[in-house]
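These notes concern the structure reproduced below.
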Amino acid sequence: MDIPLLTAGESRVYEALIDLGDSTVGDILKQSKVSHSKIYDVLKRLEDKGLVSRVTKNGRQVFAPAHPSRLKELVTTERERITTSEQSINTITKLLTPRMNSSTSK
């Protein structure tokens, strides 16, 4: 299943963690089918999004999924970011439009 706001790899890793619960990288690799060379980057991005946490148990890194309700929080945050960007663009457009209309062709 593709989860909006996540890459395909992020979706696979997050879904694997939901199914597995707290897991090591090896278990996540097997379940998610994400390549070994990309797994730590994907996990880091999921951590940055608040979808995964990392702890050390018995000297090994273990990853845990955040509750799926966190996905809705991500959408809310993205919506707020887009609204802010839209407001900025509207302001910039209002400032630039008169300049364009008053310029002369060379």
Side-chain angles (χ1 to χ4, degrees):
M1 150 188 357
D2 239 358
I3 301 172
L5 297 178
L6 300 181
T7 66
E10 290 169 347
S11 291
R12 290 197 318 263
V13 168
Y14 182 67
E15 287 182 61
L17 277 165
I18 290 293
D19 292 338
L20 295 167
D22 296 4
S23 302
T24 62
V25 169
D27 293 334
I28 298 167
L29 282 168
K30 289 176 197 168
Q31 180 81 13
S32 69
K33 308 279 193 265
V34 170
S35 72
H36 190 275
S37 64
K38 295 180 181 178
I39 191 70
Y40 285 102
D41 182 48
V42 170
L43 286 165
K44 175 68 174 126
R45 290 194 315 261
L46 289 171
E47 279 184 281
D48 293 345
K49 292 176 180 182
L51 290 170
V52 170
S53 60
R54 176 191 319 226
V55 294
T56 302
K57 291 183 182 176
N58 300 324
R60 298 182 77 188
Q61 287 187 351
V62 176
F63 297 87
H67 192 276
S69 63
R70 176 71 182 121
L71 292 167
K72 187 170 183 175
E73 293 171 24
L74 282 176
V75 170
T76 300
T77 301
E78 185 67 10
R79 184 181 300 120
E80 290 168 357
R81 188 190 66 75
I82 289 169
T83 298
T84 300
S85 294
E86 186 176 37
Q87 290 168 348
S88 295
I89 291 298
N90 287 339
T91 300
I92 291 167
T93 300
K94 286 177 185 176
L95 292 171
L96 292 177
T97 299
R99 290 172 55 185
M100 182 177 178
N101 292 338
S102 67
S103 66
T104 57
S105 299
K106 292 185 178 183

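Treat the numbers as computed from the prediction; the structure is a model and nothing was measured.
One N or O on the side chain of Thr7 and one on the backbone of Glu10 form a donor-acceptor pair closer than 3.5 Å. A donor-acceptor contact shorter than 3.5 Å links the side chain of Tyr14 to the backbone of Ala66. At least one donor-acceptor pair under 3.5 Å links the side chain of Arg70 to the backbone N or O of Lys49. With Arg54 contributing its side chain and Phe63 its backbone, the two residues share no donor-acceptor pair below 3.5 Å.
For the atom pair OG (Ser53) and CD (Glu47), the distance works out to 7.5 Å, reported to the nearest 0.5 Å. The CD atom of Glu86 sits 11.5 Å away from the CZ atom of Arg81 when rounded to the nearest 0.5 Å. Leu96 contributes atom CG, which lies 9.5 Å from atom CD1 of Ile89 (distance to the nearest 0.5 angstrom). Taken from OG1 in Thr24 to NZ in Lys30, the straight-line distance is 7.5 Å, to the nearest 0.5 Å. The CG atom of Leu29 sits 11.0 Å away from atom CZ of Arg12, with the distance rounded to the nearest 0.5 Å. Separation of atoms CG (Leu95) and CG (Asn90) is listed at 11.0 Å; rounding is to 0.5 Å.
Taking 4.5 Å as the limit, some side-chain heavy atom of Leu6 sits within range of a side-chain heavy atom of Leu51. For the pair Leu5/Glu78, a side-chain contact is recorded, criterion being any heavy-atom separation below 4.5 Å from C-beta on. Counting heavy atoms from C-beta on, the side chains of Lys57 and Asp22 come closer than 4.5 Å. Looking only at side-chain heavy atoms (C-beta outward), Thr56 and Val62 stay at 4.5 Å or farther from each other. Proximity of Leu17 to Ser23: side-chain heavy atoms (C-beta onward) are separated by under 4.5 Å at one or more points.
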Test side-chain contact (heavy atoms from CB on, under 4.5 Å) on Asp19 and Gln31; report intermediate values, then the result.
CA-CA 9 Å; Asp19 292 338; Gln31 180 81 13; 3.6 Å; yes

I'd like to know whether Val34 forms a side-chain contact (heavy atoms from CB on, under 4.5 Å) with Ile28, so could you lay out the CA-CA distance, the side-chain angles of the two residues, the decisive distance to 0.1 Å, and finally the verdict.
CA-CA 8 Å; Val34 170; Ile28 298 167; over 6 Å; no

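Side-chain heavy atoms closer than 4.5 Å link hydrophobic residues (I, L, V, M, F, W, Y) into clusters, and following such links, possibly through other members, connects Leu74 to Leu46. Hydrophobic cluster membership is shared by Val25 and Val42, with clusters built from Ile, Leu, Val, Met, Phe, Trp and Tyr side chains linked at under 4.5 angstrom.
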